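Data first, discussion second: the structure below is written as structure tokens.
All of these numbers come straight from a predicted model, not from anything done at the bench. Below, each value reflects all heavy atoms present in this structure, side chains not excepted, and no hydrogens, waters or symmetry copies.
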Amino acid sequence: MEKIPFDVDSYTARLIGRENVSKLEGAIIELVKNAYDADASKCIIYYDNINESLIIADNGCGMNEKIIKDHWMTIGRSSKKEKFVSAKGRVQTGAKGIGRFALDRIASRAHMITVNNNESIEWIINWENFSSNKKLSETYAEIGMSYEDIPNFLKKVNANNSSVQNIINKNFFKTGTFFYLTGLREEWGEKLIKKIRKNLSTVIPPNMEEIFKIFLFTNDLNEKEAQITSYHEDSYDYKISFSTSKKDKDVMEINIVRNEFDFRGEDKTVIQEANFTKNDKKYFYGTPIIIKKKLKELVSEENENSITEVGEFNGTFYFFKNSANQIDTRKFYYKDFSSRKNMSEKFGGIKIYRDNFWIRPYGEFDTSSYDWLLLANRKNQSPAAVSSTGKWRANSGQIYGQVYISRLNLYLEDQSNREGIVESPQFSAFREVLVSIIEEFETDRQYVLRKLKNLFDRNNEAERLERELKEKIKKAEQKQSEIKNSSIEIDSKPEQDDNINLLETVRPVIAKKESEIEELTNEVKMLRAMATTGISINTYFHEISSLINDIHEELYEIIEASEDEDLETIKQSAQKAYSYKTKFEQWYEVTIKSVKADKRKRSLFEIQELVANLCTAWSTSLGEERAKIDFVESFEPIRYKCFPFEIESVISNLISNSISAFDESCQTTNRNIRIEIKRLNKGFKLIYSDKGPGLPKKFTNNPRKILEPLKSGKLEGTGLGMWIIDSIVKDYKGTIDLSKCGKQKGFYIEINFE
């Protein structure tokens with residue numbers, strides 16, 4: 001019998017390209033992956049709306065004529081199948097030999113210039129040729145030697161963005177690949193470009209940006225605006241890191257970091273009274289909880305064999321609350337998380353990265369694959385509150401993160417359309433392990449919150465009884481009022497008599513208690529204000545000593561000049577003494593005057609004016625040689641009910657700390673302080689920063705310890721300033737955010753006054 005070979009219809013190319021890669025952003029990502037595999041450090045995507053063209057270029061190793069003919073032009077053949085580690089040590093992501101057909105999904109015509117080892121090759125194709133009734137072997141692309149390099153070819157196609165030309169001139173002069181695509185299949189409007197930019201920002205993890213930069217240009221963007229940056233966030237409640245053990249591949253190591261709680265200076269009391277262990281104390285201060293488990297312990301019996309075939313993997317999950325009321329914030333000692341907005345939309349869900357490239361669509365927001373671990377289903381099956389006796393489950397909208405695998409995970413194979421991983425028994429076991437890792441975190445969080453709830457309930461038993469008593473008094477008063485206002489004579493009942501007697505007995509007791517509390521509260525406020533005055537005076541000690549000496553010198557000059565009847569010297573010395581007197585007045589304004597009677601009345605105040613006047617007084621009395629204070633006002637007027645001396649006390653303590661830090665570090669140049677206020681829906685935000693030495697090392701891992709009394713980072717100091725600030729802010733039901741301290745130069749704090 002005759003032997004005949006299979007042939008393929010040219011329409012196959014369309015099936016592989018335009019119809020197999022269903023989304024445009026998926027096609028773009030395929031070409032970005034090729035750039036990464038080629039050891040590129042730069043990948044440019046540039047939409048030129050004037051020419052209605054798209055340029056995709058990278059400065060990787062490029063291709064020679066042999067590679068193009070033997071591999072690029074053969075469907076399913078890839079040079080990366082056997083040799084998948086690049087010259088720079090990158091594990092290459094492609095291997096199926098079909099990624100190049102993503103070009104067909106983007107545009108009908110492609111013109112490529114590729115340079116490799118001084119060999120420049122030109123390749124041109126019209127994808128519409130694949131629509132006819134030809135066999136694939138009868139469909140051709142054009143190839144030939146080129147005398148153009150990539151920078152010159154860019155000029156030749158009349159690109160309209162000079163920033164693109166600059167990057168290519170600097171980085172593409174030796175090797176690289178350049179695609180010029182025309183006949184675009186979709187209209188590249190603002191909405192589409194924004195969508196592609198968002199997808200590119202998640203295609204590589206944050207740690208990759210140093211070695212592989214991606215740019216998405218339009219005609220009006222410069223280099224900085226076009227660079228794609230990965231989303232990253234430090235505002236999380238729990239961090240769960242995990243990895244298969246290097247010593248034993250069948251063991252999973254899990255590290256859980258608690259970052260949710262702030263005991264607000266009551267650490268010792270809370271930890272002790274809530275019956276936390278010594279290890280718990282370390283865990284609250286940043287030491288990770290380390291858990292080691294056999295992989296088989298993390299899956300059901302039916303998946304025990306499959307999990308051993310998955311191979312090595314690692315990752316990091318982050319848990320964040322969506323909301324919490326004031327009672328829960330107080331009960332569970334939650335940190336401030338008011339700055340979090342649209343976390344799920346911003347970061348998506350849990351993403352899988354293979355060799356540092358995102359496998360779409362896992363974790364993609366607003367898709368069916370966002371919750372691919374089915375966390376919402378678990379939550380629905382066990383909707384228990386976190387502090388209850390039932391099993392608490394995190395919801396899909398509260399977890400994001402990354403899982404890292406590689407092409408060495410042979411049983412976690414990509415689908416041919418690059419839209420996920422093949423649903424195999426190994427993938428099922430892989431998912432089960434990830435859910436079990438999340439369960440380890442859920443167990444720890446529920447353990448902590450149950451203990452805090454029990455503590456709250458014990459401490460607030462007296463409050464509960466008082467509320468019940470007040471409710472009884474209120475009902476007794478209502479009944480008494482009804483009896484007085486009723487025209488019908490009502491016989492006195494024993495119950496009514498009991499309530500009236502209770503009311504008359506308890507009313508003066510409660511009134512006395514409330515009066516005592518108010519007096520004590522006002523006394524504490526005054527003591528805090530006086531302490532702030534002392535701290536401010538200490539800051540001014542150098543100026544006061546100098547002023548006294550200067551005035552003494554001028555008085556001596558006046559006495560000497562009066563004996564000689566030297567009126568000119570007397571006049572000059574008197575003018576100098578008067579200027580020193582003005583400085584004394586400014587010093588008096590900041591210190592002693594801050595606690596005068598009219599500032600101890602609570603009423604509505606213009607916050608901008610209050611803060612501006614205080615900043616001016618500090619600036620005038622200190623002078624720029626000791627501090628340059630820059631005050632940034634809110635665009636909107638802010639009227640806020642407060643004791644003005646308390647707001648001034650917060651700012652004065654912060655400035656005093658900055659001055660002390662400048663002096664202690666012998667910093668003479670950058671003594672800049674920036675104070676900004678912004679209006680909030682119910683109050684205002686104070687943002688304070690300086691360019692000083694920042695927090696001492698002992699506080700960098702746990703900045704909130706500076707809010708504890710007598711925790712001074714200075715060689716000399718009271719250690720009360722930040723504690724006073726914290727106390728005042730708590731009185732106003734406000735919050736303090738120190739999360740950026742230690743992550744940037746100087747000191748930085750945000751305070752929300754509710």
Subject >> Asn160 side chain vs Ile50 backbone, donor-acceptor pair below 3.5 Å >> reply: no
Original post:
Between Arg360 and Glu30, is the closest basic N to carboxylate O distance under 4.0 Å?
Top reply: no
**OP:** Locate the shortest heavy-atom distance separating Ser53 from Thr182; write the atom from each residue and the value.
**Re:** CB-CG2, 4.1 Å
Subject >> Note: Glu423-Arg431 ion pair, threshold 4.0 Å (strictly below) >> reply: yes
Original post:
Quick one: do the Asn259 and Lys335 side chains pair a donor with an acceptor below 3.5 Å?
Top reply: yes
Original post:
Between Tyr46 (side chain) and Ala57 (backbone), is there a donor-acceptor pair under 3.5 Å?
Top reply: no
Subject >> Asp104/Arg185 salt bridge by N-O under 4.0 Å criterion >> reply: yes
Original post:
So which heavy atom on Pro703 is nearest to which on Leu695, and how close?
Top reply: CB-CD1, 3.8 Å
Original post:
In terms of ring plane angle, is the pair Phe320 and Tyr400 parallel, tilted or perpendicular, where the classes change at 30° and 60°?
Top reply: tilted
Original post:
Is the backbone N or O of Glu148 less than 3.5 Å from a side-chain atom of Asn152, with the two atoms forming a donor-acceptor pair by type?
Top reply: no
Original post:
Tell me, do Met252 and Phe313 make a side-chain contact under 4.5 Å, heavy atoms counted?
Top reply: yes
Original post:
Judged by atom type as modelled, is there a donor-acceptor pair below 3.5 Å linking the side chain of Glu312 to the main-chain atoms of Lys249?
Top reply: no
Original post:
Any Lys/Arg nitrogen of Lys246 or Glu253 sitting under 4.0 Å from an Asp/Glu carboxylate oxygen of the other?
Top reply: no
**OP:** Please check if the side chain of Asn199 supplies one atom and the backbone of Glu25 the other of a donor-acceptor pair under 3.5 Å.
**Re:** no
Original post:
Only one of Ile56, Thr114, Ile168 clears side-chain contact (heavy atoms from CB on, under 4.5 Å) with Phe178; which?
Top reply: Ile168
Original post:
Do you know the tightest heavy-atom contact between Gln402 and Phe317?
Top reply: O-CE2, 4.4 Å
**OP:** Classify the side-chain pair Asp444/Tyr283 by whether it contains a donor and acceptor separated by less than 3.5 Å.
**Re:** no
**OP:** Taking the side chain as every heavy atom from C-beta outward, state whether Val115 and Phe172 have any pair of such atoms under 4.5 Å apart.
**Re:** no
Subject >> Close side-chain approach of Asn49 and Thr218, heavy atoms under 4.5 Å >> reply: no
Original post:
Do the charged groups of Lys293 and Glu440 touch, with an N to O distance under 4.0 Å?
Top reply: yes
Original post:
Between Glu52 and Arg109, does at least one N-O distance fall below 4.0 Å, as a salt bridge requires?
Top reply: no
**OP:** State which residue, out of Asn161, Asp48, Asn51, fulfils the side-chain hydrogen bond (donor to acceptor under 3.5 Å, both in side chains) condition with Asn219.
**Re:** Asp48
Original post:
Is it true that a side-chain atom of Asn395 and a backbone atom of Gln398 form a donor plus acceptor pair closer than 3.5 Å?
Top reply: no
**OP:** Could you give me the CA-CA distance, side-chain angles and deciding distance for Glu260 and Lys321, then say whether salt bridge (charged side-chain N to carboxylate O under 4.0 Å, His left out) is met?
**Re:** CA-CA 9 Å; Glu260 185 171 12; Lys321 290 185 298 295; 3.1 Å; yes
Original post:
Is the backbone of Phe215 close enough, under 3.5 Å, to the side chain of Gln227 for a donor and an acceptor to pair up by distance?
Top reply: no
**OP:** Assess whether side chain to side chain donor-acceptor pair (under 3.5 Å) is satisfied between Asp355 and Tyr36, documenting all intermediate values.
**Re:** CA-CA 10 Å; Asp355 298 314; Tyr36 175 81; over 6 Å; no
**OP:** Using atom types as modelled and distance alone, determine if a side-chain donor or acceptor of Asn59 lies under 3.5 Å from a backbone N or O of Ser41.
**Re:** yes
Original post:
What do the steps show when you test Glu186 against Arg105 for salt bridge (charged side-chain N to carboxylate O under 4.0 Å, His left out), and what is the final call?
Top reply: CA-CA 9 Å; Glu186 292 189 34; Arg105 175 64 184 81; 2.7 Å; yes
Original post:
Of Ile67, Asn64, Thr175, Thr177, which is the lone residue that meets side-chain contact (heavy atoms from CB on, under 4.5 Å) with Asn116?
Top reply: Asn64
Subject >> Salt bridge present between Lys170 and Glu223 (N-O < 4.0 angstrom) >> reply: no
Subject >> Side chains of Trp372 and Ile352 in contact at under 4.5 Å (non-hydrogen atoms) >> reply: yes
